[in-house]
Amino acid sequence: MSDYVIVRINEQLVPEFQINYNTKTASAHSSVVSSWSQITLQTHQELVLVLPALLVLSKEVKIPSKNDEVIKQSLPYAIEENLSTEIEENHFAYCKSGENLFDVCVVAKKVMQEINLHLEKNQLECKKLYSEIFSVPASPETLSILSIDDYFIINNNNQGTRLSQQLVNDYVSLTDAKKVHVYASKPVNLSSETIEYKQVDIHLFQAKLLLNNRAVNLFQGLYDKDTDKENQIKPWKKSLTLVAVLVMSWLVINLFQLWNITQRIEEIKYKQHELLIKLIPNASSSELNNPYSAIQSRLKYAQTNKSNNRNGFIESLLYVGQTLSQHPNIKIVSIRQRDNKIEIKINAPNVSKLNQFQESLEKIALTRHVKTGTRETAKGSVSSVITMEKL
């Protein structure tokens, strides 16, 4: 088994200390480093980098999919509300934690780019980059705290941060975790009485957890060290996938629009059928099959036989029918003839639609005087009686 050199980087992306971990003897010793050039590797050793928790946002999200591409595309939007910067400025990495559950880590792209520059400049090979919260145990309903010198690393089910001692006391008092475990190499002074202390060798403890735990490796996607050659050899796969996604999106959008139009047509036909029954109760079966043509036919027939209708009832209905074709959201409640006037009670979604209907009717019924009566407002609609009278 290989030996590991685990190097922690501070917030300025400068190496801070390194842990040399021997897997055969399960032993670890640490040393201080202050620059990238001080990191030295033997041929059999593997470099592991650890980022401060303050530079990495960690969160568990739920995505109901097993498709890797769908998961990758969904991650930014599943965690978008927790970001303080734009999605495009961040790099996302993840690993599966349960059924449709994923541990997600987000770090600024400029951080990833700077780390890569340091690795290339110093000719260092590294395939693993973790947040330091994964050097602390993660258990359901348990708040885990690792004490290191004058600061504490918090892991709350693989979501965490780095805090000072004063802030840790406040954090513990506000947590809803059922258990609080503190791991330290020496006694620490925390105020909570619910804390369970466990004394450990800090660096050995961190090394074992980082290498054996379920940690999110930030070297994924564009920064994946294992897939660079494959991506160079087969770039057409990404292009083909993108084309397929675009075609599928186009098909879905067009099918949805077609379905929406079909539903609208059916709705209009139903309203025409209802109007025909109200206007012509004795309509024939052929007229009921095509209510729009039936209404048009009857109105035209009535228009050519005005002399048989002294009060112009059918002619007025023609004007109303023509206006309704322009305003399908207007409903006719009732129609009656009194003296030489036609009274039509209508129902509209709002006052604006009612006014538009009246204005259109006035433009079409040039031989009629059109006026609106009292308006009554009900929940979600407005009704009124429009009176039509020969000029």
Side-chain angles (χ1 to χ4, degrees), residues 2-21 30-59 68 72-73 75-76 79-80 82-95 103-135 148 151 153 160-162 203 206-207 210-211 213 215-235 237-239:
S2 300
D3 290 337
Y4 295 89
V5 175
I6 302 170
V7 178
R8 186 192 185 276
I9 308 169
N10 62 22
E11 283 78 5
Q12 288 72 44
L13 302 184
V14 176
E16 192 172 69
F17 67 82
Q18 76 175 40
I19 302 171
N20 287 66
Y21 177 63
S30 64
S31 58
V32 176
V33 291
S34 57
S35 68
W36 288 89
S37 60
Q38 291 182 358
I39 300 174
T40 55
L41 296 173
Q42 303 300 323
T43 55
H44 65 286
Q45 291 179 322
E46 182 178 345
L47 177 61
V48 178
L49 296 178
V50 181
L51 276 177
L54 295 177
L55 293 182
V56 185
L57 171 64
S58 302
K59 190 173 181 63
D68 287 339
K72 290 176 184 177
Q73 294 173 16
L75 283 178
I79 203 171
E80 181 179 11
N82 300 106
L83 299 177
S84 58
T85 55
E86 297 297 326
I87 288 178
E88 295 75 14
E89 299 177 15
N90 296 284
H91 166 62
F92 298 82
Y94 72 96
C95 71
D103 286 329
V104 183
C105 285
V106 186
V107 63
K109 287 183 179 178
K110 61 182 181 180
V111 171
M112 298 296 295
Q113 293 165 358
E114 188 170 342
I115 289 174
N116 277 335
L117 287 175
H118 285 302
L119 291 172
E120 292 174 6
K121 182 179 179 180
N122 293 275
Q123 297 181 341
L124 295 170
E125 182 179 351
C126 180
K127 296 183 180 180
K128 295 178 181 178
L129 175 64
Y130 300 128
S131 168
E132 66 182 353
I133 70 161
F134 295 106
S135 65
I148 302 179
Y151 65 89
I153 303 174
T161 187
R162 180 181 178 182
H203 296 122
Q206 286 187 294
L210 283 170
L211 300 175
N213 197 13
V216 178
N217 185 4
L218 290 166
F219 282 140
Q220 295 183 23
L222 293 174
Y223 307 99
D224 191 337
K225 305 299 182 181
D226 291 323
T227 58
D228 289 343
K229 293 182 179 179
E230 182 182 348
N231 290 336
Q232 292 173 5
I233 295 173
K234 299 179 180 179
K237 284 189 175 182
K238 287 187 177 179
S239 300

Can you tell whether the side chains of Glu114 and Lys121 come within less than 4.0 Å, N to carboxylate O?
no

Glu46/Lys128 ion pair, N-O < 4.0 Å
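Looking at Lys128 together with Glu46, the answer is yes, because their closest N to O distance falls below 4.0 Å.
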
Calculate, to the nearest 0.5 Å, the distance between atoms [atom1] and [atom2] belonging to [X] and [Y] respectively.
X: Ile115; Y: Met112; atom1: CD1; atom2: CE; result: 6.0 Å
X: Ser37; Y: Asn122; atom1: OG; atom2: CG; result: 6.0 Å
X: Leu13; Y: Leu117; atom1: CG; atom2: CG; result: 10.5 Å
X: Cys95; Y: Asp103; atom1: SG; atom2: CG; result: 5.0 Å

Which heavy atom in [X] sits nearest to a heavy atom in [Y], and how many Å separate them?
X: Ile19; Y: Ala207; result: CG2-CB, 4.4 Å
X: Pro76; Y: Ile87; result: CB-CG2, 3.6 Å
X: Asn10; Y: Leu55; result: O-CD1, 4.2 Å
X: Gln18; Y: Val7; result: CB-CG2, 3.7 Å

Pair Tyr130, Leu218 - check side chain to side chain contact (heavy atoms under 4.5 Å, CB included), show working.
CA-CA 6 Å; Tyr130 300 128; Leu218 290 166; over 6 Å; no

Within the 4.5 Å heavy-atom criterion, are [X] and [Y] side-chain neighbours or not?
X: Asn20; Y: Tyr4; answer: no
X: Pro52; Y: Glu132; answer: yes
X: Pro15; Y: Ile39; answer: yes
X: Ile6; Y: Leu49; answer: no
X: Lys127; Y: Glu125; answer: yes
X: Trp36; Y: Ile9; answer: yes
X: Tyr94; Y: Lys72; answer: yes
X: Ile79; Y: Val106; answer: yes

Checking Glu80 now: which residues fulfil salt bridge (charged side-chain N to carboxylate O under 4.0 Å, His left out) with it, not counting sequence neighbours?
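Counting only residues at least two positions away or on another chain, Glu80 forms no salt bridge (charged side-chain N to carboxylate O under 4.0 Å, His left out).
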
Is there a side chain to side chain contact (heavy atoms under 4.5 Å, CB included) between Cys126 and Val48 once you walk through the steps?
CA-CA 6 Å; Cys126 180; Val48 178; 5.8 Å; no

Test your reading of the model: is there a side-chain donor-acceptor pair from Gln45 to the backbone of Leu41, 3.5 Å cut-off?
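Flag not set: sc Gln45 to bb Leu41 has no pair under 3.5 Å.
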
When you measure from the side chain of Gln123 to the backbone of Glu120, do you find a donor-acceptor pair of N or O atoms at a distance under 3.5 Å?
no

So, do Tyr21 and His203 have ring centers that fall under 6.0 Å from each other?
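Between His203 and Tyr21, which both carry aromatic rings, the centre distance is not below 6.0 Å.
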
If you count heavy atoms of other groups shown closer than 6.0 angstrom to NZ of Lys109, is the number above 12?
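Count over threshold, so yes.
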
Just checking, Arg162 and Tyr151: is the charged tip under 6.0 Å from the six-membered ring centre and within 45° of the axis?
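Verdict for Tyr151: a cation-pi partner in Arg162.
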
Knowing that exactly one of Val216, Leu57, Leu129 qualifies, which makes a side chain to side chain contact (heavy atoms under 4.5 Å, CB included) with Cys105?
Val216

Using the side-chain hydrogen bond (donor to acceptor under 3.5 Å, both in side chains) rule, take Thr85 and Asn90 through it: C-alpha gap first, then chi angles, then the decisive distance, then the call.
CA-CA 8 Å; Thr85 55; Asn90 296 284; 2.9 Å; yes

